[in-house]
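Each residue takes its place number in the sequence, starting with 1.
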Amino acid sequence: MHEFLVKFIVVDDQSLNVIECPEFRHLILFLCQDLHDTDIPRHMKLHELILEAWQKYFKVIKRELVNAAGKVSFTCGIWSDDSYCPFLAITAHWIAVEGGSLRMKALLIAFHYFPTLHTGKALAQTILELLDQAEVTLKIGHFTMDNVANNIVAMRELAKLLEERK
């Protein structure tokens with residue numbers, strides 16, 4: 001049941017607090033009459049389960065990126081939610097060989113809270129950290145970003161940081 005609740009919350013972009021709604025809990029108990037209220041996780045446990053599911057999924061993503069046929073390219077963007085909290089998203093794009101055929105693939109590899117100043121240097125350092133977490137820095141191809149000054153500086157800074165590693 002926990003796996004289904006995690007999938008429901010994540011896929012439908014539900015608040016973790018939906019699990020605390022008495023009517024929702026009653027619905028689950030009605031549909032699964034062999035359950036007790038204590039069998040239904042609370043929001044903190046659901047939070048843990050979602051993070052565990054992400055860690056498992058991220059391992060699969062990293063394996064796919066390592067096995068990419070050639071370089072991996074990226075799209076990046078920064079934006080703010082309704083509360084003006086800034087986030088950086090990175091999507092990886094690559095070619096996979098599946099059953100003897102080439103297949104284009106794309107997956108979100110980072111959705112990162114980005115509260116620092118959006119300078120090119122800070123952006124480059126954060127992108128590098130996120131690419132390191134995805135274990136893909138040796139396969140970097142190209143980046144596509146908005147054409148704003150801090151992104152141009154970020155790409156120059158990222159190139160310097162990567163060159164320093166050689």
Side-chain angles (χ1 to χ4, degrees), residues 1-16 18 41 45-166:
M1 174 192 52
H2 291 177
E3 182 180 334
F4 293 112
L5 286 171
V6 166
K7 193 175 267 190
F8 167 69
I9 297 293
V10 172
V11 171
D12 200 46
D13 198 22
Q14 291 289 325
S15 166
L16 288 175
V18 73
K45 178 63 178 175
L46 203 52
H47 179 262
E48 291 172 20
L49 293 169
I50 289 170
L51 291 177
E52 287 171 15
W54 165 249
Q55 292 301 326
K56 287 180 191 174
Y57 185 62
F58 197 51
K59 287 179 184 177
V60 171
I61 293 171
K62 290 193 286 189
R63 273 195 306 273
E64 286 196 39
L65 293 171
V66 165
N67 294 321
K71 300 288 187 183
V72 178
S73 292
F74 304 91
T75 50
C76 299
I78 300 174
W79 69 93
S80 299
D81 67 7
D82 293 339
S83 302
Y84 302 105
C85 294
F87 293 92
L88 167 66
I90 302 176
T91 302
H93 305 264
W94 72 99
I95 303 292
V97 178
E98 295 178 352
S101 299
L102 299 179
R103 183 167 174 226
M104 290 179 35
K105 300 194 100 178
L107 285 172
L108 181 71
I109 62 165
F111 190 82
H112 183 76
Y113 178 57
F114 193 63
T116 61
L117 288 176
H118 298 170
T119 65
K121 189 169 188 165
L123 188 54
Q125 290 169 337
T126 302
I127 289 171
L128 184 58
E129 289 170 14
L130 295 169
L131 295 178
D132 281 338
Q133 288 175 17
E135 299 173 7
V136 72
T137 51
L138 297 177
K139 296 197 91 153
I140 294 174
H142 299 279
F143 279 83
T144 301
M145 304 173 77
D146 293 339
N147 189 23
V148 294
N150 61 332
N151 287 341
I152 295 167
V153 172
M155 291 298 98
R156 288 184 184 136
E157 284 293 321
L158 182 60
K160 285 181 195 174
L161 292 170
L162 290 168
E163 189 62 34
E164 290 171 3
R165 291 184 172 189
K166 290 183 178 179

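- Sorted by first and then second residue, the ring pair (Phe, Tyr, Trp, His ring centres under 6.0 Å) pairs involving residues 123-142 (not counting sequence neighbours) form an empty list.
- Legend: residues meeting side chain to side chain contact (heavy atoms under 4.5 Å, CB included) with Leu108, ordered by chain and number and at least two apart, are Ala89, Thr91, Phe111.
- For Glu64, the side chain to side chain donor-acceptor pair (under 3.5 Å) partners are Lys105, not counting sequence neighbours.
- Residues that satisfy the side chain to side chain donor-acceptor pair (under 3.5 Å) test with Gln14, not counting sequence neighbours, are Asp12.
- Applying the salt bridge (charged side-chain N to carboxylate O under 4.0 Å, His left out) test to every pair with at least one member in residues 76-86, sequence neighbours left out, gives no pairs at all.
- Leu88 is listed as a side-chain neighbour of Leu123, based on a closest heavy-atom distance under 4.5 Å.
- Here Thr75 pairs with His93 under the side chain to side chain donor-acceptor pair (under 3.5 Å) rule; sequence neighbours left out.
- Judged as a salt bridge (charged side-chain N to carboxylate O under 4.0 Å, His left out), and not counting sequence neighbours, Glu129 has no contacts.
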Exercise answer: donor-acceptor pairs, residues 155-165 side-chain atoms, under 3.5 Å, sequence neighbours excluded:
residue	atom	partner	partner atom	Å
Arg165	NH1	Asp132	OD1	2.8
Arg165	NH2	Asp132	OD1	3.4
Arg165	NH2	Asp132	OD2	2.5

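- For Arg63, the salt bridge (charged side-chain N to carboxylate O under 4.0 Å, His left out) criterion is met by no residue, not counting sequence neighbours.
- Between atom NE2 of residue His47 and atom CD1 of residue Ile9 there is a gap of 12.0 Å, rounded to the nearest 0.5 Å.
- Residues passing the side chain to side chain contact (heavy atoms under 4.5 Å, CB included) test with Pro41 are Met1, His2, Leu5, Lys45, Leu46, sequence neighbours excluded.
- With sequence neighbours excluded, no residue satisfies salt bridge (charged side-chain N to carboxylate O under 4.0 Å, His left out) with Lys7.
- Listed by chain and residue number, Phe74 satisfy the ring pair (Phe, Tyr, Trp, His ring centres under 6.0 Å) test with Phe143 (two or more places apart in sequence, or in another chain).
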